[in-house]
Amino acid sequence: MADARKTAEPLLTPTVDEDGTPFWTYAARGELRVQTCAEPTCGAPRFPPRPCCPHCQSFDSTWRRMSGRGRIWSYVVPHPPLLPAYAARMPYNAIVVELADAPRIRLVGNLVAAPDAPLNSVDPTRLRIGARVHVVFADQDGVTVPRWILERP
């Protein structure tokens, strides 16, 4: 007889490539860092990570620590969930966060009530464009991913 308990399907995890490895390594340490051009006359942050600066074409880069603060630039509450693993987590959100330290950098994640809270831990009616958030980190199937929580006013 089959086990009546249903095994939860894993959530999507990022594909870690050579250029992005430092981002995920820092995330595992609880640090939000963004690749930044190391050319002294440029210094532009860039995301996603890539070998060459799109502004000055320098191949020199460094990883600058961010404050972890930002604001919700955009969001969506998917209806219906597109993947079965997300169906039991409805209603969940996906947000785009504009970083306070680097406004041209926008990261995609989820707004949650606490680092290890479920994806549906924030009522969708609380989502607001411009709401201030800060980063937290959570393990998602062996990869430490950035998530976001609302800042207290």
Side-chain angles (χ1 to χ4, degrees), residues 9-78 81-83 85-86 89-153:
E9 291 184 45
L11 297 175
L12 295 173
T13 54
T15 300
V16 179
D17 63 8
E18 184 179 340
D19 295 324
T21 295
F23 178 85
W24 301 108
T25 300
Y26 287 119
R29 295 181 197 161
E31 297 179 20
L32 182 63
R33 290 189 181 242
V34 172
Q35 187 183 39
T36 304
C37 181
E39 177 62 38
T41 59
C42 181
R46 59 185 185 252
F47 195 88
R50 49 196 174 269
C52 179
C53 176
H55 304 284
C56 74
Q57 288 69 51
S58 171
F59 284 91
D60 294 331
S61 67
T62 187
W63 287 83
R64 188 174 74 173
R65 189 170 189 163
M66 301 282 110
S67 69
R69 297 183 189 286
R71 66 178 191 91
I72 297 176
W73 189 79
S74 185
Y75 69 88
V76 65
V77 178
L82 302 176
L83 299 170
Y86 290 84
R89 294 167 172 90
M90 287 300 294
Y92 65 93
N93 63 72
I95 65 172
V96 179
V97 174
E98 179 181 73
L99 297 182
D101 316 46
R104 288 188 293 175
I105 304 296
R106 297 184 183 120
L107 303 178
V108 176
N110 303 101
L111 184 68
V112 293
D116 291 320
L119 295 185
N120 61 359
S121 62
V122 173
D123 183 331
T125 63
R126 296 188 63 203
L127 295 167
R128 297 282 184 267
I129 301 295
R132 294 180 188 278
V133 294
H134 70 273
V135 73
V136 294
F137 295 92
D139 179 80
Q140 186 168 298
D141 297 317
V143 178
T144 303
V145 296
R147 291 187 174 172
W148 304 90
I149 59 176
L150 290 169
E151 284 193 354
R152 304 262 184 239

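Values below: all heavy atoms of this structure, side chains included; hydrogens, waters and symmetry mates excluded.
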**Fill in**
From the list V108, V97, V135, side chain to side chain contact (heavy atoms under 4.5 Å, CB included) partner of P146 resolves to V135

**Item:** Backbone N/O of N110 and side chain of N93: donor-acceptor pair under 3.5 Å
**Value:** no

**Prompt:** Is a side-chain N or O of S121 found less than 3.5 angstrom from the main chain of A117, in a donor-acceptor match?
**Reply:** no

**Request:** Would you list the pairs meeting ring-ring contact (aromatic ring centres under 6.0 Å, His included) in which at least one residue belongs to residues 89-131, sequence neighbours left out?
**Result:** Y86-Y92

**Request:** Taking all non-hydrogen atoms of both residues into account, name the closest pair between P51 and R46 and its distance.
**Result:** O-NH2, 3.7 Å

**Message:** For the CH2 atom on W73, are there more than 12 heavy atoms of other groups (residues, nucleotides or ligands in this structure) within a distance under 6.0 Å?
**Reply:** no

**Asked** Should we say atom CZ of R126 is surrounded by more than 12 heavy atoms from elsewhere, each under 6.0 Å from it?
**Response** no

**Request:** With side-chain contact (heavy atoms from CB on, under 4.5 Å) as the test, would you mind laying out the steps for V133 and I149 before giving the verdict?
**Result:** CA-CA 5 Å; V133 294; I149 59 176; over 6 Å; no

**Item:** R33, CZ atom: more than 12 neighbouring heavy atoms under 6.0 Å
**Value:** yes

**Asked** Judged by atom type as modelled, is there a donor-acceptor pair below 3.5 Å linking the side chain of R50 to the main-chain atoms of P48?
**Response** yes

**Item:** Inter-residue atom distance C37.SG - H55.NE2, 0.5 Å rounding
**Value:** 8.5 Å

**Request:** Grab the two heavy atoms, one from T36 and one from G43, that are nearest each other, plus how far apart they are.
**Result:** CG2-O, 3.2 Å

**Asked** So which heavy atom on A85 is nearest to which on L11, and how close?
**Response** O-CD2, 4.0 Å

**Request:** Begin with the C-alpha distance, continue with both residues' side-chain angles, and end with the deciding distance and a verdict on side-chain contact (heavy atoms from CB on, under 4.5 Å) for V143 and W24.
**Result:** CA-CA 8 Å; V143 178; W24 301 108; 4.1 Å; yes

**Item:** Minimum heavy-atom distance between T144 and F137, given as atom pair plus value
**Value:** CG2-CB, 3.7 Å

**Asked** Which pairs, with at least one residue in residues 93-122 and sequence neighbours excluded, count as a salt bridge (Lys or Arg N to Asp or Glu O under 4.0 Å)?
**Response** R71-E98, E98-R106

**Prompt:** Counting only heavy atoms not in Q57, do more than 12 sit closer than 6.0 Å to its CD atom?
**Reply:** yes

**Message:** Can you confirm whether I95 sits close enough to S74 that some side-chain heavy atom of one is under 4.5 Å from a side-chain heavy atom of the other?
**Reply:** no

**Prompt:** What residue among I72, L107, V122 forms side chain to side chain contact (heavy atoms under 4.5 Å, CB included) with W148?
**Reply:** L107

**Message:** How long is the straight-line distance from OG1 of T25 back to CD of E31, given to the nearest 0.5 Å?
**Reply:** 10.5 Å

**Item:** Q35 CD to R64 CZ distance, which is reported to the nearest 0.5 Å
**Value:** 12.0 Å

**Message:** Quick check: do L99 and F47 have side-chain heavy atoms less than 4.5 Å from each other?
**Reply:** no

**Asked** Which is it for I129 and Y75 under the side-chain contact (heavy atoms from CB on, under 4.5 Å) test, yes or no, and what are the steps along the way?
**Response** CA-CA 8 Å; I129 301 295; Y75 69 88; 3.8 Å; yes

**Request:** Please determine which of C53, S61, C56 meets the side chain to side chain contact (heavy atoms under 4.5 Å, CB included) test together with E39.
**Result:** C56

**Message:** Are the side chains of F23 and V16 in contact, using a 4.5 Å heavy-atom criterion?
**Reply:** no

**Prompt:** R147 and Q140: side chain to side chain donor-acceptor pair (under 3.5 Å), yes or no, with the steps?
**Reply:** CA-CA 11 Å; R147 291 187 174 172; Q140 186 168 298; 3.2 Å; yes

**Item:** Atom CZ of R69: over 12 foreign heavy atoms under 6.0 Å
**Value:** no

**Request:** Write down the atom of D141, the atom of D139, and the distance for their closest heavy-atom approach.
**Result:** N-OD2, 3.6 Å

**Request:** Considering non-hydrogen atoms only, spot the tightest contact between V112 and P118 and give its length.
**Result:** CG1-O, 3.8 Å

